[in-house]
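As structure tokens, the structure follows; a few thoughts come after it.
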Amino acid sequence: MDRPLFVKDWRGARIVWRSCARSQLGHRDGGAFADMMNLLISLLVFALMFGGALAGMAVRKLLSEHHLHSDSRDVVKLTAGLIGTLTALVLGLLIASAKTTFDQKENQVRQLTATIILLDDLVTQYGPEATSLRKLLRQSIPPMADRIWHEQANSTGKPTRFEPSVEAWAFYSELERLSPNNDMQRSLQSRAIAAFTEGAQMRLRLFTQVGSSIPTPFLVIVVFWLSAIFVSATLFVRTNVVVMISLFVCALSFASAIFLILELDDPFTGLMGISSSILRSALLPLSS
């Protein structure tokens, strides 16, 4: 004998809630791991730069007097200035690229949210025949948000195949099966299908943009250049407390810039990550 419908709905809602809760915990763990990795990389960069300054101090003691001639100092200053200029240009490009990636993905999430709100409004105008569609639309949002943030936070850089969610397919099938009774309903149905297609395209763009937009060799080369600059900074200078504090603050500033680049390049995790609540709270629950 079939169970009452409200029992089935309640059990289904409980299962969805549990899966969403597990997914949220997984996202938090993934975000914490990404934060830790970005922080460790930045600390490593700081250690390499400040270690370069200490290496320059150690090498200075081993140099003979003719190596410390004014001509040698001029050449080292010239090469350090050239490397510094090149490093500043590349760092500026990296920060601009990471900020562009962050803004692009944030705008895509906001556009996707706006499309969902528009889709719900069109379905509402269609009439009470589309109430089941409004329920399906609300049921499809949490799994979609979970998958978007999971894909972005746990990207391995390997090619993967996109698989649409069951809820999205169910919504589209129900939308196609609507039987309009007048011209207004036919227009609303066609506009709703167009809005769904637009939202699907945005979803696919987010999927294809998974992964870092900054090549790892760029960061490696920049860190090498910075270390070389710090080595040359202490190669011909007698160190004291003021010099060491200045080098420490400078190395910390560059490491912070690298941390900022890594955070901006990973918009769905980290301290400045895009919150999934923007998408999850797009639609209010239907009244009973």
Side-chain angles (χ1 to χ4, degrees), residues 5-6 8-21 23-24 27 101-153 162-210 267-268 272-288:
L5 182 60
F6 73 89
K8 293 182 179 179
D9 290 344
W10 178 81
R11 292 197 169 187
R14 184 174 61 178
I15 293 172
V16 170
W17 181 85
R18 285 180 176 177
S19 63
C20 290
S23 181
Q24 285 295 318
H27 294 164
T101 299
F102 185 91
D103 291 340
Q104 183 182 35
K105 292 189 177 182
E106 185 179 29
N107 288 335
Q108 287 174 349
V109 171
R110 293 186 182 278
Q111 289 174 3
L112 181 60
T113 304
T115 302
I116 290 174
I117 296 173
L118 174 62
L119 187 57
D120 182 66
D121 184 61
L122 292 172
V123 173
T124 303
Q125 294 180 48
Y126 188 92
E129 305 97 315
T131 303
S132 60
L133 274 173
R134 299 187 67 196
K135 293 180 180 178
L136 285 173
L137 183 59
R138 281 158 174 77
Q139 292 172 4
S140 66
I141 292 177
M144 179 174 61
D146 293 339
R147 294 183 65 179
I148 290 175
W149 265 257
H150 178 76
E151 290 166 358
Q152 300 286 340
F162 176 80
E163 295 181 359
S165 64
V166 177
E167 294 83 3
W169 272 119
F171 175 84
Y172 184 73
S173 299
E174 287 289 331
L175 184 61
E176 286 280 1
R177 283 199 292 266
L178 286 176
S179 300
N181 297 321
N182 50 56
D183 291 340
M184 186 185 72
Q185 287 188 339
R186 275 189 287 272
S187 174
L188 289 170
Q189 183 187 29
S190 61
R191 290 170 61 191
I193 293 175
F196 180 87
T197 304
E198 182 182 358
Q201 291 174 346
M202 294 177 190
R203 171 70 181 92
L204 288 173
R205 279 197 291 270
L206 282 171
F207 175 77
T208 56
Q209 293 171 359
V210 168
F268 290 88
M272 296 179 290
I274 303 170
S275 174
S276 63
S277 61
I278 298 175
L279 185 59
R280 295 178 189 276
S281 60
L283 300 179
L284 295 175
L286 291 177
S287 56
S288 306

Side-chain heavy atoms of [X] within contact of [Y], under 4.5 Å:
| X | Y | value |
| --- | --- | --- |
| Leu119 | Phe171 | yes |
| Ile116 | Leu279 | yes |
| Tyr126 | Pro180 | yes |
| Gln201 | Thr197 | yes |
| Phe196 | Val123 | no |
| Arg203 | Arg147 | yes |
| Glu198 | Leu118 | no |

[atom1] of [X] to [atom2] of [Y]: how many Å apart, nearest 0.5 Å?
| X | Y | atom1 | atom2 | result |
| --- | --- | --- | --- | --- |
| Ile141 | Leu283 | CD1 | CG | 4.0 Å |
| Asp183 | Leu188 | CG | CG | 11.0 Å |
| Leu122 | Ser190 | CG | OG | 9.0 Å |

Check: Does a donor on one side chain and an acceptor on the other come within less than 3.5 Å for Asn107 and Gln111?
Finding: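 Side-chain D/A pair, Asn107 to Gln111: absent.
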
Counting N and O atoms only, with roles assigned by atom type, does the side chain of [X] sit under 3.5 Å from a partner on the main chain of [Y], one being a donor and the other an acceptor?
| X | Y | result |
| --- | --- | --- |
| Arg134 | Ala130 | no |
| Thr124 | Asp120 | yes |
| Lys105 | Gln209 | yes |

How close do [X] and [Y] get, heavy atom to heavy atom, and via which atoms?
| X | Y | value |
| --- | --- | --- |
| Ser140 | Ala168 | CB-N, 4.3 Å |
| Gln185 | Ser179 | OE1-O, 4.3 Å |
| Ile117 | Ala282 | CG1-O, 3.7 Å |
| Leu178 | Glu129 | CD2-O, 4.5 Å |
| Pro267 | Phe102 | CB-CD1, 3.6 Å |
| Gln108 | Met202 | O-SD, 4.5 Å |

Note to self: Closer than 4.0 angstrom, basic N to acidic O: yes or no for Arg110 and Asp103?
What the structure shows: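 No.
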
Check: Taking it one step at a time, do Asp146 and Arg280 satisfy side-chain contact (heavy atoms from CB on, under 4.5 Å)?
Finding: CA-CA 9 Å; Asp146 293 339; Arg280 295 178 189 276; 2.4 Å; yes

Item checked: Qualifying side-chain hydrogen bond (donor to acceptor under 3.5 Å, both in side chains) pairs with a residue from residues 164-178, counting only residues at least two apart or across chains ->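 Counting only pairs at least two positions apart or across chains, the side-chain hydrogen bond (donor to acceptor under 3.5 Å, both in side chains) contacts touching residues 164-178 are Tyr172-Glu176, Glu174-Arg177.
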
